Amino acid sequence: MPPLTSALLSRSTTASGSSSSARIAAAAASVISNPAAGAAPSSPPPPARQSTRSRPASPFASGLAGRLFGGHRAAARSSSTAAAVFERRFASAATRNSYDEILTSLAKPGGGPEFGKYYSLPALSDPRIDRLPYSIRILLESAIRNCDEFQVSGKDVEKILDWEKSAPKQVEIPFKPARVLLQDFTGVPAVVDLACMRDAMSKLGSDPNKINPLVPVDLVIDHSVQVDVARSENAVQANMELEFYRNKERFGFLKWGSTAFRNMLVVPPGSGIVHQVNLEYLARVVFNNGGILYPDSVVGTDSHTTMIDGLGVAGWGVGGIEAEAAMLGQPMSMVLPGVVGFKLTGKLRNGVTATDLVLTVTQILRKHGVVGKFVEFYGGGMSELSLADRATIANMSPEYGATMGFFPVDGKTLDYLKLTGRSDETVAMIESYLRANKMFVDYNQPEAERVYSSYLELNLEEVEPCLSGPKRPHDRVTLKNMKSDWVSCLDNDVGFKGFAVPKESQGKVAEFSFHGTPATIKHGDVVIAAITSCTNTSNPNVMLGAALVAKKACELGLEVKPWIKTSLAPGSGVVKKYLDKSGLQKYLDQLGFNIVGYGCTTCIGNSGELDETVSAAISENDIVAAAVLSGNRNFEGRVHPLTRANYLASPPLVVAYALAGTVNIDFEKEPIGTSKDGKEVYFRDIWPSTEEIAEVVKSSVLPDMFKSTYEAITKGNSMWNELSVSSSTLYPWDSSSTYIHEPPYFKDMTMTPPGPRPVKDAYCLLNFGDSITTDHISPAGNIHPDSPAAKYLKERGVERKDFNSYGSRRGNDEIMARGTFANIRLVNKFLKGEVGPKTTHIPSGEKLSVFDAAMKYKNEGHDTIILAGAEYGSGSSRDWAAKGPMLQGVKAVIAKSFERIHRSNLAGMGIIPLCFKSGEDADTIGLTGHERYTVHLPANVSDIKPGQDVTVTTDNGKSFTCTLRFDTEVELAYYDNGGILPYVIRKIAEQ
């Protein structure tokens, strides 16, 4: 061990044998309650139109500082002395850092005052650092900067330094992200929980104002807009008015949160998609807090937070409850990940898009197996990828299963920062810091060889145009094989690649009348074509590529059938600016791809209703209708209840399939349509070259567009600015509200942890196979009129037209508990082939909605468990996928394997995650789900160890061993306390 490292570690004052949970508990309480340890003194927020939040200076020009956000955010990015001291305390986390000897000044390249000081990795003189992946160096720097021998110890630093040897051992480390990112669907319950925690603090006799975010929190309202109006010049305004009509109460609540809580920025509706706004505006890349420099890092309550990895910012999705703990000063406990090195070589061929690349990468990585790992990209091919291309690949990390898909900062990153309006001085600071701290990649200089856990390689020249579907994002289909694959899907048994349509029915043609016009629909016909999702709308190449396809098509006289619901939902206002500048928006409009709003739409199920004549034709004739979208998720039931086939594609391909009107077409051999002069038009006739696209991008995408967009974004909009909110620091709950409801998490809570709860003679609520996603579990999309949630709303006088979506009502636990497992495509073994949100109540044999069955078990005093197959909980990071089952009374989930975020969320809600042993599952053991289950866990939490074996027995004499998937001591502490939120409250209230 190098002398300096050894000397620093020897000064460790952490008592040997002290558990991480105890250390973190004490640290969280100290940082939150003691101003000297990092928190500001508690006080009511200032009146409206005064500063309610301090945060680090923006990487943008200083002219943005001081603008108001909806009238409630002044000097949000100010660099006042008090703000800098406050943020430095909680961001660096250590007032007496064991590594202060390596605190080094960073001089400006041209002389003058220094940029600031930083914890220098080279000053450690440790040869292991040069071999570390760049993504691991970010974890290392964070541990060193926060090493106070209290929250983070020298032993934690050594684990990361020794990553090559320690990562295979699955060791635990603490990590403190620089900031937290929220969107409104997941942000509302987070703010509800914070408000409820304040009430709990008050009831426990403690100061409720101790509950505040201690790291910068950015919340972008982007998940509430729906495509109610499409193919109209007035679509943006009409959809926004409907959005505010439906969500005024939620929006008012979020605006209250921006004033009641310190250090919280709320970006109003209509501004863009959270990850694109993060990429173009919010990301710092390097923080400068009170003269201390360190890498930007972020955790978000949306799994596609990983998009920021394309900018060289370490970021990933976590559960809402985990994010709330990070907001409150808790270090995140994580397993030190392995890193897959993915070498890119060559260059994409002419006409191949970044979307084709990401779908190819997703399939490769899914096959390799990267769950719980970082993926780090490197190689000569990196220089051929734009920053937007990298962000597209990073965005889909959840789809290929990785925690991160990381692209280290290089010259391309700096070019993008300048393009998006970051100041020259900021970019110079970022480059200087990262170069000095061995976190910058310079392909013109020789580098020490880095070590990875495993290696992959892809020659970009081998990537072909493709789609993914019809039900999973990693089921890639090359464009040339699309027609044959579609026919196979019709033939195949029902499954991820099958619809089991009888041969004699495959050519069925259903006739209907579309507003007086005769129309037909067949299997594979496209009814939704959506350019949507930050995955692609952040990428000018594919967006302008789509516009060029539209231009060529319009010039040839091609049209899109009027019953196809076409839409364009950009991730920021910048997209409209460059589409207008290029003169191409008019062609998209002509084909029906009018802008419908700035936010997440079709990709998350906010596709709006189809025309009732189209819906009737699909339903009455059992048509397998198709949607083609430029999103990242296509799980069945997600995009629209009536589109059973959903294909992910690049924006140019979305336009092409809209023109063709069907996915049952071979673009190489069959015409896409007929021109105005009667000639057949083929795909090749409307497809732009890479050079054509590059030329338009160069002339149309300009830095001033980003600057002007984000200067305007801080002004909000009239509908947002007119919302009036309470000035109280405690939220005035309205018992009649169907949007915001006080949850029962802290009911009858005392200062004494409840300890482990026995699971004895539990019934199986649901019996699942493989690949049950959080889309199956979590309430999402529209509220079905016959669902328990709809019944609840009707009982409270809410008309069907005002049901809104589950996502918009995430702040109401009563609705969300009823919407858990309410997906119409849920496959439950109890139902023997029937698909839908039902289950069997075992004692009576009744077939009930899942919620009604769960309540019946609770009322009878019975515990329940869930049986599941592999990849249980894959999909978006949704806290309600864990909160919902907890409220339904589920005590344990026994699965073959879990998705990372969902397992963490289950642990955070006090639900026991158990894994069958390798080679075993419910079927091999002979479990039918009709048994009663007892989980044999020790009664004292001190006798439970992370990852230990646990015996499960049934009432019919079966016994099998599972692995306990509480992976860390911290998760055991959460379990002991009844969940992460009661744990945090107790630790804060103790001070």
Side-chain angles (χ1 to χ4, degrees), residues 183-185 220-247 268-277 526-538 542-544 546-547 549-550 560-580 584-611 614 627-633 638-640 643 646 649 651-652 654-655 657-658 709 717 719-720 781-782 804-805 807-808:
Q183 39 90 337
D184 56 304
F185 269 23
V220 181
I221 301 176
D222 68 345
H223 272 50
S224 298
V225 61
Q226 298 185 44
V227 189
D228 293 291
V229 179
R231 305 186 74 144
S232 166
E233 292 180 0
N234 300 317
V236 172
Q237 182 65 23
N239 288 327
M240 183 173 284
E241 288 176 359
L242 285 166
E243 180 184 8
F244 268 82
Y245 169 73
R246 292 176 176 134
N247 299 289
S271 302
I273 301 175
V274 58
H275 307 305
Q276 190 162 341
V277 174
V526 175
V527 294
I528 291 176
I531 300 175
T532 179
S533 172
C534 54
T535 310
N536 286 290
T537 68
S538 60
V542 293
M543 295 301 287
L544 287 166
V549 170
V560 175
K561 294 181 178 69
W563 53 84
I564 297 177
K565 189 166 189 177
T566 47
S567 62
L568 167 58
S572 83
V574 175
V575 178
K576 175 173 171 52
K577 283 184 168 65
Y578 66 64
L579 285 172
D580 287 343
L584 297 174
Q585 179 65 55
K586 62 184 179 183
Y587 299 109
L588 288 165
D589 291 345
Q590 191 173 325
L591 295 183
F593 287 95
N594 303 81
I595 294 178
V596 296
Y598 298 91
C600 296
T601 53
T602 305
C603 185
I604 61 166
N606 287 1
S607 50
E609 297 292 341
L610 294 174
D611 186 272
V614 177
V628 183
L629 64 152
S630 62
N632 47 37
R633 292 276 165 85
R638 177 186 179 92
V639 173
H640 191 282
T643 57
N646 302 280
V654 170
V655 177
Y657 274 101
T709 296
N717 57 65
M719 286 183 275
W720 173 262
N782 294 326
N804 212 332
S805 65
S808 68

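Computed from a predicted model, the values in this text were never measured in an experiment.
The nearest pair of heavy atoms linking G608 to K565 is C-NZ, 3.4 Å. Here the closest heavy-atom approach between residue G599 and residue I273 is recorded as C-CG1, 3.5 Å. P269 and W720 get closest at one heavy-atom pair: CD-CE3, 3.5 Å. Residues V227 and S567 share a closest heavy-atom pair of CG1-CB, 4.1 Å. Between A649 and V628 the shortest heavy-atom distance is CB-CG1, 3.9 Å. The two residues V654 and A530 come nearest to each other via the heavy atoms CG1-N, 3.6 Å.
In this structure a side-chain-to-backbone donor-acceptor pair under 3.5 Å is missing from N536 to I531. Looking only at distances, a side-chain donor or acceptor of T537 sits under 3.5 Å from a matching main-chain atom of G571. Side-chain atoms of D184 come within 3.5 Å of backbone N or O of D222 as a donor-acceptor pair.
By the side chain to side chain contact (heavy atoms under 4.5 Å, CB included) test, A547 is found to be paired with L579, L584, L588, residues two or more places apart in sequence or in another chain being considered. For the ring pair (Phe, Tyr, Trp, His ring centres under 6.0 Å) test, residues two or more places apart in sequence or in another chain that qualify with H223 are F185. Every residue two or more places apart in sequence or in another chain was checked for a side-chain hydrogen bond (donor to acceptor under 3.5 Å, both in side chains) with S607, and none qualifies. Judged as a salt bridge (Lys or Arg N to Asp or Glu O under 4.0 Å), and not counting sequence neighbours, the contacts of K576 are D580. Partners of R231 by salt bridge (Lys or Arg N to Asp or Glu O under 4.0 Å), not counting sequence neighbours: none found.
A distance of 7.0 Å separates CG of L629 from OG1 of T602, quoted to the nearest 0.5 Å. Atom CZ in R638 sits 5.5 Å away from atom SG in C603 (nearest 0.5 Å). Atom CG of residue L610 and atom NE2 of residue H640 lie 4.0 Å apart, to the nearest 0.5 angstrom. To the nearest 0.5 Å, the span separating CD on Q276 from SG on C534 amounts to 7.0 Å. Separating the OG atom in S533 from the NE2 atom in H275 is a distance of 8.5 Å, to the nearest 0.5 Å.
The shortest side-chain heavy-atom distance between Q585 and I595 falls under the 4.5 Å cut-off. Contact check for Q226 versus S805: side-chain heavy atoms found under the 4.5 Å cut-off. Looking at heavy atoms from C-beta onward, K561 lies out of side-chain contact with V526 at the 4.5 angstrom threshold. For the pair S630 and V542, the minimum side-chain heavy-atom distance is 4.5 Å or more. For the pair Y578/L544, a side-chain contact is recorded, criterion being any heavy-atom separation below 4.5 Å from C-beta on.
Screening N606, T601, N632 against T532 for a side chain to side chain donor-acceptor pair (under 3.5 Å) leaves a single residue, T601.
Applying the side-chain hydrogen bond (donor to acceptor under 3.5 Å, both in side chains) definition to pairs two or more places apart or across chains, those involving residues 233-243 are Q237-E241.
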(message) Walk me through whether N717 and F244 qualify under side-chain contact (heavy atoms from CB on, under 4.5 Å).
(response) CA-CA 11 Å; N717 57 65; F244 268 82; 3.9 Å; yes
